[in-house]
Amino acid sequence: MRTTTHFILMPLLATTLMLPLADTAEACTSFLITKGASADGSTMITYAADSHELYGELYYRPAASYPEGAMVEVKDWDSGKVLGQIKQVRQTYSVVGNMNEHALAIGETTWGGREELVNPTGIVDYGSLIWFALQRAKTARQAISVMGELVAEYGYPSSGESFSISDPEEVWIMEMIGKGPAEKGAVWVARRVPDGYVSGHANQPRIHTFPQSDPDNCMFSPDVITFARKKNYFQGKDEDFSFADAYGPSTCGDARACDARVWAMYNRVAPSKKIPVDYIKCKPEADRIPLWIQPDKKLSVADVMSLMRDHFEGTELDMTQDPGAGPFKCPYRWRPMRWKSGGKMHVNERATSTQQTGFSFVSQSRGGMPGPVGGVLWFGVDDTASTVYVPMYAGITAAPHNFAVGTGTFTDFTWESAFWTFNWVSNFAYTRYSDMIVDIRKVQKELEDGFFSAQAAFESKVVAEHAKNPAAARKMLTEYSGAAAELVWKRWQKLGQDLLMKYMDGNVRDDQGKVTHPPYPDWFYKNIADARPGHFEIPDPDEPMTDAQRRARKPAPPAKPTTDATPVTPAPAPAPCPCSKKGGCGCSVVGSRTPLTPLAVSMVLVALALVLRRRRRD
């Protein structure tokens, strides 16, 4: 499908109908990997919760039983504001972060959409939808049903959202937006990612047309099309209806800041497809980025972690290669993303790995073993490029201390906090990134490879114990994840100390501990010299001299002319016009810049007209 019309409408729609995305909205990234696309037959989804004010911590909600008629309070995930109450179910499942004990996992990204469709009186926000679905559902299909039913009954106060939903067998992408203040509920559509394929979303709606008679692979709210007609968002045939175009039409800036992350992921997993960057660059005839794609090879958990650490390396959007990266190729840009120069709007790239990540995860859901063991939430805090993903099993009964809610806050620093420890290391690394990231990756790989190598043997023991004593098996999982978290926290504190000693004051210690002073890159020195010609120059060679010799030094001779042309002697300056009137008198002194008066100009024009008329007569 071509997108010419789509792009032509973008600027107008953006200014009148859309919530801003690139600089103000919560911005996240999520990838989806099906069983047939994974190396071990697991399903995987990823989630980077990116916000400049989000404290990264691991939530834990135990399973519980409730009496008939119990109610549960709903708090907005972003603000903490109490939105109301809803009916509680009799039994809930335990939830670790964004995964429950049945290895069901859910992530999201916000895309905003049409501003008039936000309903401030709704009760179940997007974050609460995730938690309630995880507490009440065993499978992805059940989670979609729970989410649809909750917004229909209680209303939806958030803006447009995309959800990644996976269980050990299936992976689904679901998109939802409210109906505005006048109507309770939401419109939504969910599609199953075909087995063997991968997908992704990054703050842009991704579902366009969809099958309307295939319940095994597509689910949607009954009024998803009729509501769009009523609001004059769509006028065509049902089969041509596009959810994204109706409820979340995008701008060129959205494609660059959002869809670019999906393009980068596709580019890495399926380089043979050679998907051009044209859509990201907003070229009018470009095809959209496909909803899903088949990777060139099956992906391991480590492969997917690597996808979350992307800065467009090796592409024309590579953030380490543009001038903003500085002399140490830092792939991060401080906000705002958009800026003006020369009267034109510009934008910095927005990569999957970004400095403002609160927490992120790669979920691993596997069948053939009990859910508490088969589900692993590989969990990290802060910047994905420099985090360590720690195995948090779906069956643990408590969050490890250094990652738990209550160990520090966004306004309360403590060395006990994994979030603050990782931020300490990453923010120091940004000052000399190309050097320090090498040291960081070495320790990162050491830790993650250690978890991978120990995984199979440990899980075999837990599965055997689970058959005899599920509670004892959960204790094993809790202790293992707790020990892994403590190991990472301690090792990262040691890494931070090592980096400080190695790179203190702009120095670099070599392998023997000797202080060295590596120079800046040549291009960086050239830019400095070109910015202030002559300002930084000193004699070369710079010979010793006495004060008298210094005073006797002659200034360097002027540069020789580049041609053999004979210099032109300048003409003498003209005499000034003797006129003292403001605005001049129309003096005809040679070289004078005094302007002619309006009367003089008129006389000249009249004379010229008479000459031309006489010539015509001749």
Side-chain angles (χ1 to χ4, degrees), residues 43 45 58-77 82-108 123-156 163-170 172 174 176 190 219 361 363-377 379 392-399 404-405 462-463 465-478 481:
T43 65
I45 64 170
L58 182 65
Y59 314 120
Y60 175 73
R61 295 169 175 80
S65 299
Y66 298 91
E68 186 72 32
M71 302 293 286
V72 59
E73 187 176 71
V74 182
K75 290 185 178 180
D76 180 76
W77 185 33
V82 175
L83 300 177
Q85 291 186 329
I86 68 170
K87 296 174 185 176
Q88 181 59 284
V89 294
R90 296 297 301 274
Q91 180 66 47
T92 61
Y93 306 122
S94 63
V95 179
V96 179
N98 289 58
M99 175 180 276
N100 74 9
E101 61 185 285
H102 300 289
L104 171 70
I106 306 178
E108 59 79 31
I123 293 178
V124 186
D125 66 291
Y126 77 97
S128 298
L129 272 181
I130 293 175
W131 314 134
F132 288 139
L134 290 170
Q135 288 179 312
R136 300 176 182 206
K138 290 184 178 181
T139 68
R141 290 174 186 268
Q142 289 177 3
I144 292 168
S145 296
V146 168
M147 295 164 76
E149 291 166 1
L150 285 174
V151 295
E153 183 172 359
Y154 298 104
Y156 177 70
F163 299 95
S164 299
I165 309 174
S166 66
D167 61 34
E169 299 299 322
E170 297 182 336
W172 289 70
M174 179 184 190
M176 175 183 292
M219 305 164 65
F361 68 75
S363 71
Q364 183 183 20
S365 300
R366 297 161 294 172
M369 61 177 71
V373 190
V376 187
L377 193 76
F379 185 82
M392 302 294 181
Y393 280 89
I396 65 176
T397 57
V405 175
V462 179
V463 169
E465 184 64 30
H466 191 277
K468 299 178 294 184
N469 188 339
R474 287 200 164 200
K475 182 180 179 182
M476 292 173 65
L477 294 171
T478 305
S481 291

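Here M219 contributes atom CE and R141 contributes atom CZ; the two are 7.0 Å apart, rounded to the nearest 0.5 Å. Atom-to-atom distance recorded for M392:CE and L377:CG is 8.0 Å, nearest 0.5 angstrom. Here the NZ-CD1 distance, from K75 to I123, works out to 15.5 Å after rounding to the nearest 0.5 Å. Distance check: R90 CZ to E68 CD gives 5.0 Å after rounding to the nearest 0.5 Å. Remark: I396 CD1 to E101 CD distance equals 12.0 Å, nearest 0.5 Å.
Side-chain atoms of Y60 and S94, non-hydrogen and from C-beta on, do get closer than 4.5 Å to each other. Side-chain contact between R366 and V376: present, with at least one pair of heavy atoms (C-beta onward) separated by less than 4.5 Å. For the pair S365/D167, no side-chain contact is recorded, criterion being any heavy-atom separation below 4.5 Å from C-beta on. Proximity of E73 to V82: side-chain heavy atoms (C-beta onward) are separated by under 4.5 Å at one or more points. In this structure, M147 and F132 have side chains that are not in contact, with every pair of non-hydrogen atoms separated by 4.5 Å or more. Using a 4.5 Å heavy-atom cutoff, the side chains of F361 and I45 are in contact. Side-chain contact between L58 and V96 is present, with at least one heavy-atom pair separated by less than 4.5 Å. Between Y66 and V89, the closest side-chain pair of non-hydrogen atoms is not below 4.5 Å.
Checked against a 6.0 Å centroid threshold, the rings of W131 and Y59 count as neighbours.
A donor-acceptor pair under 3.5 Å is absent between the side-chain atoms of E153 and the main chain of E149, judged by distance alone. Here the side chain of N98 pairs a donor or acceptor atom with the backbone of I106 at under 3.5 angstrom. Not one N or O on the side chain of N100 forms a donor-acceptor pair closer than 3.5 Å with the backbone of Y93. The closest donor-acceptor contact from the side chain of T478 to the backbone of R474 lies under 3.5 Å.
Looking at every heavy atom in both residues, D125 comes nearest to Y156 through C-CE1, 4.3 Å. Shown here for M369 and V463, the closest heavy-atom pair between the two residues is CB-CG2, 4.2 Å. Shortest non-hydrogen contact noted between V146 and A133 is CG1-CA, 4.1 Å. A pairwise comparison of heavy atoms in M99 and A103 identifies CG-CA, 4.0 Å as the closest pair. Of all the heavy atoms in T43 and S166, the pair that sits closest is OG1-CB, 3.9 Å. Residue Q91 comes nearest to S65 through the heavy atom pair OE1-OG, 2.6 Å, listed as atom of the first residue, atom of the second, then distance.
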>> Quick one, F163 with W172, criterion side chain to side chain contact (heavy atoms under 4.5 Å, CB included). Give me CA distance, side-chain angles, the key distance, then yes/no.
In response: CA-CA 8 Å; F163 299 95; W172 289 70; over 6 Å; no
>> Could you walk me through whether M71 and I86 satisfy the side chain to side chain contact (heavy atoms under 4.5 Å, CB included) test, starting with their C-alpha distance in whole Å, then the side-chain angles of each, then the deciding distance to 0.1 Å, before giving a yes or no?
In response: CA-CA 6 Å; M71 302 293 286; I86 68 170; 5.5 Å; no
> Hey, mind stepping through M174 and E108 against side chain to side chain contact (heavy atoms under 4.5 Å, CB included) and telling me if it holds?
Replying inline: CA-CA 9 Å; M174 179 184 190; E108 59 79 31; over 6 Å; no
>> The test is side chain to side chain contact (heavy atoms under 4.5 Å, CB included); show your working for R136 and L150 and say whether it passes.
In response: CA-CA 11 Å; R136 300 176 182 206; L150 285 174; 4.0 Å; yes
